[in-house]
Participant: 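Attaching a single structure in structure tokens format; questions to follow.
Along the sequence shown, residues carry numbers from 1.
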Amino acid sequence: MRWLLEGTLAAIVFVAGVALFLKAPDLVRGWAFTIPGTTDVALEPDFFPRLSSIVLAAAAIIVFATIPLRTDTLPAVGTTAESYFRVCAGLGGILIYLICVVFLGFVVSTVLFVACATVAGGYRNLLVIIPTAICVAVLLRLVFRFGLHVGLPVGVLI
């Protein structure tokens with residue numbers, strides 16, 4: 001049972017890493033940018049997503065290769081259904097966020113996501129949540145647009 005769970009997880013993560021590596025150029029749009037003080041060579045916008053996907057796939061290969069070396073039981077075997085539901089709800093929220101970014105734009109979607117994630121995490125003070133979510137979204141937009149010269153998705157509401 002343990003081998004099946006770990007092997008399945010490793011396979012899913014590996015496939016996700018490969019898919020991200022292949023789709024990164026389509027998902028990331030923008031201009032090439034340089035990191036001040038490093039080199040004169042411009043980095044393509046898909047450099048960091050592709051680097052992350054390589055690390056993800058390598059981690060999956062390491063997990064798969066080390067399955068026979070582990071003898072302890074997996075925490076996943078004793079995890080409650082409520083915990084699995086919470087993880088799935090979080091992943092569902094991220095999926096909804098990614099879909100909203102395409103239609104509503106980065107800033108609006110990020111404000112909604114940060115606010116909803118904060119409330120889901122248990123924090124309820126809206127006088128802090130809303131301004132913080134707005135500041136995070138606008139600051140990220142400014143950093144990517146003017147600091148890194150990378151265009152983020154612009155939807156109906158920007």
Participant: Could you measure the distance from the CG atom of Leu56 to the CG atom of Leu51? Nearest 0.5 Å is fine.
Facilitator: 11.0 Å

Participant: Please tabulate, for side-chain N and O atoms in residues 111-130, each donor-acceptor pair with protein atoms closer than 3.5 Å (sequence neighbours left out).
Facilitator:
from   : atom 1 : to     : atom 2 : distance (Å)
Thr118 : OG1    : Val114 : O      : 2.6
Arg124 : NH1    : Val119 : O      : 2.3
Asn125 : OD1    : Leu127 : N      : 3.1

Participant: Would a single hydrophobic cluster contain both Ile54 and Ile61, if residues Ile, Leu, Val, Met, Phe, Trp and Tyr are joined by side-chain heavy-atom contacts under 4.5 Å?
Facilitator: yes

Participant: Nearest 0.5 angstrom please: Phe14 CZ to Ser53 OG, how far?
Facilitator: 10.5 Å

Participant: Write out all pairs satisfying ring-ring contact (aromatic ring centres under 6.0 Å, His included) with one or both partners inside residues 54-73, taking only residues at least two apart or from two chains.
Facilitator: none

Participant: With respect to Val136, which candidate in Ile134, Val138, Thr132, Leu139 satisfies the side-chain contact (heavy atoms from CB on, under 4.5 Å) definition?
Facilitator: Thr132

Participant: With no hydrogens and no angle check, is any side-chain donor or acceptor of Thr66 less than 3.5 Å from a backbone partner on Val63?
Facilitator: yes

Participant: Hey, could you give me the CZ/CG distance between Arg50 and Leu22, rounded to the nearest 0.5 Å?
Facilitator: 7.0 Å

Participant: Check step by step if side chain to side chain contact (heavy atoms under 4.5 Å, CB included) holds for Leu91 and Leu95.
Facilitator: CA-CA 6 Å; Leu91 292 173; Leu95 179 64; over 6 Å; no

Participant: Ignoring hydrogens and angles, tell me if any N or O in the side chain of Ser109 forms a donor-acceptor pair with the backbone of Val101 under 3.5 Å.
Facilitator: yes

Participant: Heavy atoms only: give me the nearest Ala10-Ala60 pair and the separation to one decimal.
Facilitator: O-CB, 3.3 Å

Participant: In this structure, would Ile94 and Val87 fall into the same cluster of hydrophobic residues linked by side-chain contacts under 4.5 Å?
Facilitator: no

Participant: Going by side-chain hydrogen bond (donor to acceptor under 3.5 Å, both in side chains), name the residues that satisfy it together with Thr8, two or more places apart in sequence or in a different chain.
Facilitator: none

Participant: Between Arg141 (side chain only) and Val107 (backbone N and O only), is there a donor and an acceptor less than 3.5 Å apart?
Facilitator: no

Participant: Is the closest side-chain heavy-atom distance between Thr110 and Tyr97 below 4.5 Å?
Facilitator: yes

